[in-house]
Every structure is written in C-alpha cells, then in structure tokens.
Amino acid sequence: MFLAPPIAILPLWQSRYRILRALLYAVALSFIIVFALRALFPTLVFSFNFKTPSSSKNNLLDPRAPDNTPRTNGKIETNGTLITDVGVVGDLSQIDTSVTLEKKSAVPDNLTFSVRRSYRSFFLPIGLPVTGFPEESLYKINNTYYALRNGTLYPFVSDNAYLSRYPDEFAQPESNDFLTRYPISEEWIGFRVGSIVSFADGAFLIVSDTEMRPVGSADIFLALGYRFEDVLPASEEEIGIYKRGRIFLLGAEHPDGTLLFDRATNTYYLVDHGFKRPLLNPVYRNFILKQQAPIVVSSQTSKEHADCVLEPGFFGQTFSCTTLLGALSPESGPDFEISISRGNTDIDINTLQVSFNTEKSVKNMFSILSQIKQRVLTRFGLSSE
C-alpha cells in the first residue's frame with residue numbers, strides 16, 4: 001500500500017514510481033537511523049585555535065609545556081610536548097584527533113598523540129607531606145571564635161566555619177578583657193578552603209579565603225567525585241564574606257583543600273597550591289574525613305595511556321589519527337590529559353581538535369534516553385528533583 005501511487009499513472013511509469021518511492025523511504029529511514037545514532041551515541045568535539053587563544057570557542061583547557069609554561073601560541077620546539085586537558089563524562093570508545101599546522105610551519109616526519117584519564121588534581125606533582133593542622137593561635141570569647149594573626153584578632157564568621165577548620169577544643173577560652181589587648185579585624189574567616197557549601201538552590205566550592213565558585217550542574221558535581229551528603233548548608237551571612245567566581249565546569253582542577261584517596265597505595269593527598277601533598281597526620285586526616293568523603297583515585301589506572309601516531313593528510317599540513325579508549329576506565333575520572341609530542345622539527349600549530357565517540361551500547365542508549373527524559377520533565381516543571 002505504501003508503494004501504490006496516490007493518483008493513476010501510466011503502466012509504463014508504475015515500476016519506476018515504485019523504485020523511486022522505495023529509494024525515498026530508504027533515504028528517509030537512513031536519515032532517521034543516522035540522526036538517532038548521533039542523538040543516542042553523540043560525538044563530543046573539542047578544539048583550540050592557537051591563533052585566537054582568548055576565544056570563548058576554545059574548549060580544550062590550558063595548553064602548556066610539561067613545566068606548565070603556557071603554549072597558547074601553538075609553537076612546539078623539536079622533541080617538545082604540548083599538553084592540554086578536557087573533561088568528558090560518558091562511556092567513550094575512541095578519540096579522533098586532528099592537528100592542523102600553519103601554512104608556513106615546517107612539516108614534521110611524525111607526531112605522537114597520547115592520552116591518559118583521571119582527575120586533573122591527581123595529575124599534579126607530589127609535594128611535601130602535610131604533617132598536621134595549619135598552625136594558628138585560636139581563642140573562644142563570648143561564644144565567638146577568633147584567630148590571632150600578626151597581632152590582630154580575626155573573628156570566624158560562624159561556629160560552622162570554625163568547626164570546618166579545627167576542633168572546638170583547639171580554641172583557648174578567654175574573657176572579654178582579651179579583646180582589649182589586640183585590634184579586631186573587620187575581615188571574617190570563613191570555611192576551610194576545599195569545603196562544599198549550599199545556599200538557595202546552588203552548591204559552591206570554597207576555593208580560597210575570599211572566593212567561592214558555583215558548580216555548573218548536579219551532573220558535574222557528581223562527575224567531580226563529590227557527594228551531596230557532604231554539602232554544608234550556609235547562611236547568607238556566611239557566604240556574604242566571599243566573592244562569587246566563575247562557574248566550576250568539567251575539566252577544572254579541584255580546589256586547594258580537596259582530599260584525594262589513592263586506592264592503589266592507600267595514600268591520602270591534600271591538593272595545595274599546584275601539588276598533591278601526602279596527608280600523613282591521622283588526626284588531621286580523620287578530622288577532614290568526618291566532614292567529607294575523599295575523591296577516590298588510582299595511581300595505577302592514571303598511568304595507563306592510549307597512543308597513536310598522527311599521520312599527514314593529503315595536503316600535508318593536517319595530521320590525524322584514531323585512538324581506542326578501551327584501556328582507560330571511566331571509573332578513573334572524567335578528565336583527559338592530552339599530549340602532542342615527538343616532532344623532529346619546530347612546528348607551529350594552527351588548530352587542535354579531538355572528537356570523543358560514545359560507545360554504542362544498550363547501557364549508553366538508556367542513559368542518554370534517561371537524560372533526555374529528565375531534561376524534558378525539568379523544562380516543564382515536572383522533574384522529581
């Protein structure tokens with residue numbers, strides 16, 4: 001019935017009509033299948049244009065050398081390495097990589113692509129061990145906690161803020177007379193850096209003594225390894241001492257004060273100023289553990305990497321390769337550290353693009369469908385969250 005013409009046509013044209021109509025259905029069906037595959041198993045594309053390094057379209061993060069020198073100009077010396085990061089959630093099957101050189105750039109005989117997976121904060125170098133609580137002169141006067149810093153008393157904004165940093169017994173009780181001995185700062189001390197607080201409908205990471213950053217979404221919050229059970233409710237007064245920084249998105253490095261646990265070595269680390277420092281003091285470690293669970297990492301899986309050799313294309317200025325990701329477990333973390341290296345001449349990169357292909361599986365299909373359903377329900381105010 002689908003091949004029958006809606007109007008009478010000459011017998012000579014009926015067979016041609018059926019063939020053409022069948023072809024039309026085949027094309028439409030192919031289009032629907034391709035669209036469905038792209039919707040259910042998306043390809044996530046990330047790129048960086050080194051000629052416009054400040055563009056908001058660049059979503060590969062912090063191009064740099066191994067010593068953290070910025071490489072936003074795309075220039076790599078002979079045998080040099082360019083490193084960049086990106087955060088991706090999902091069960092991924094492979095990465096397609098493309099490097100396009102400037103027209104006047106020398107063309108190397110080969111380039112190597114390498115990627116490993118974990119959390120960015122766990123890729124940090126190991127620093128000096130943390131041997132105990134930060135040293136402070138602490139006092140409790142009229143139920144208010146203070147820290148004496150450089151001859152000035154700094155009040156804590158609340159009991160909760162103090163107790164996120166120190167146990168109650170660390171504060172020496174004093175009378176009102178003590179307040180007359182030192183000037184009192186107008187600045188307040190807030191929560192321990194690395195704490196997670198909530199206010200209104202948002203969750204915020206305390207990234208410094210003066211700044212907090214909102215987390216982009218619940219999915220990002222969970223992908224970063226956090227738990228909602230560890231969020232501390234905060235009052236307007238408590239968060240009022242912070243300025244609000246940019247939104248925390250996938251690929252960002254955990255803030256200072258974040259506790260990591262390496263399950264491969266049973267070692268705890270504390271993120272601190274560009275290092276992950278072993279937390280050896282059991283008293284301080286247990287104090288933080290009572291407040292929030294650590295981000296679970298693995299030194300074993302973070303060493304695993306996938307590689308491929310970037311081969312030149314037809315015109316020679318573009319190099320590309322495909323890397324399977326089966327060896328990199330999704331449980332390792334959402335962050336990918338990408339390296340371009342081993343060129344035998346100085347090169348000047350115009351653009352770098354990586355495309356992550358989602359594994360085609362029933363599990364991923366239902367996961368994507370669940371996300372689509374949740375977004376539709378949220379859009380119409382019917383979400384159960």
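Values below: all heavy atoms of this structure, side chains included; hydrogens, waters and symmetry mates excluded.
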Going by distance alone, is a donor N or O of one side chain under 3.5 Å from an acceptor N or O of the other, for [X] and [Y]?
X: Asp262; Y: Thr267; result: no
X: Asn79; Y: Asn344; result: no
X: Thr43; Y: Asn357; result: yes
X: Gln353; Y: Ser98; result: no
X: Thr69; Y: Asp67; result: yes

Tell me if the aromatic rings of [X] and [Y] count as close, with their centers under 6.0 Å from one another.
X: Tyr145; Y: Tyr139; answer: no
X: Phe123; Y: Tyr119; answer: no
X: Phe204; Y: Phe248; answer: no

State, with a plain yes or no, whether a side-chain heavy atom of [X] is found less than 4.5 Å away from one of [Y].
X: Phe228; Y: Phe221; answer: yes
X: Glu102; Y: Lys51; answer: yes
X: Ser355; Y: Gln94; answer: no

Any sub-3.5 Å donor-acceptor pair from Ser298's side-chain atoms to Arg263's backbone N or O?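 It does not hold such a pair.
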Do Lys140's NZ or CZ and the ring of Tyr146 fall within the cation-pi criteria of under 6.0 Å and 45°?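 No, a cation-pi geometry is absent between Lys140 and Tyr146.
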Lys/Arg N to Asp/Glu carboxylate O, [X] vs [Y], below 4.0 Å:
X: Arg64; Y: Glu337; answer: yes
X: Arg71; Y: Glu77; answer: yes
X: Arg165; Y: Asp209; answer: yes
X: Arg149; Y: Glu136; answer: yes

[X] and [Y]: which non-hydrogen atoms are nearest, and at how many Å?
X: Leu101; Y: Pro108; value: CD1-CD, 3.8 Å
X: Leu124; Y: Val271; value: CD1-CG1, 4.0 Å
X: Gly274; Y: Pro125; value: O-CD, 3.5 Å

Is there a path from Leu148 to Tyr166 through hydrophobic residues (I, L, V, M, F, W, Y) whose side chains come within less than 4.5 Å of each other?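 Cluster IDs for Leu148 and Tyr166 differ.
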Are Leu250 and Val88 linked, directly or through other ILVMFWY residues, by side chains that come within less than 4.5 angstrom of each other?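 The answer is no; the residues belong to distinct hydrophobic clusters.
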Is the ring pair Phe122/Tyr269 parallel, tilted or perpendicular, if the boundaries are 30 and 60 degrees?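 Ring orientation, 0 to 90° scale: perpendicular.
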What is the ring orientation for Phe50 with Phe48, classed by angle as parallel under 30°, tilted 30 to 60°, or perpendicular over 60°? tilted
In chain order, what residues pass the side chain to side chain donor-acceptor pair (under 3.5 Å) check against Ser114, with sequence neighbours excluded? Asp307
Please identify each residue that fulfils side chain to side chain donor-acceptor pair (under 3.5 Å) with Ser121, with sequence neighbours left out.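 Listed in chain order: His254.
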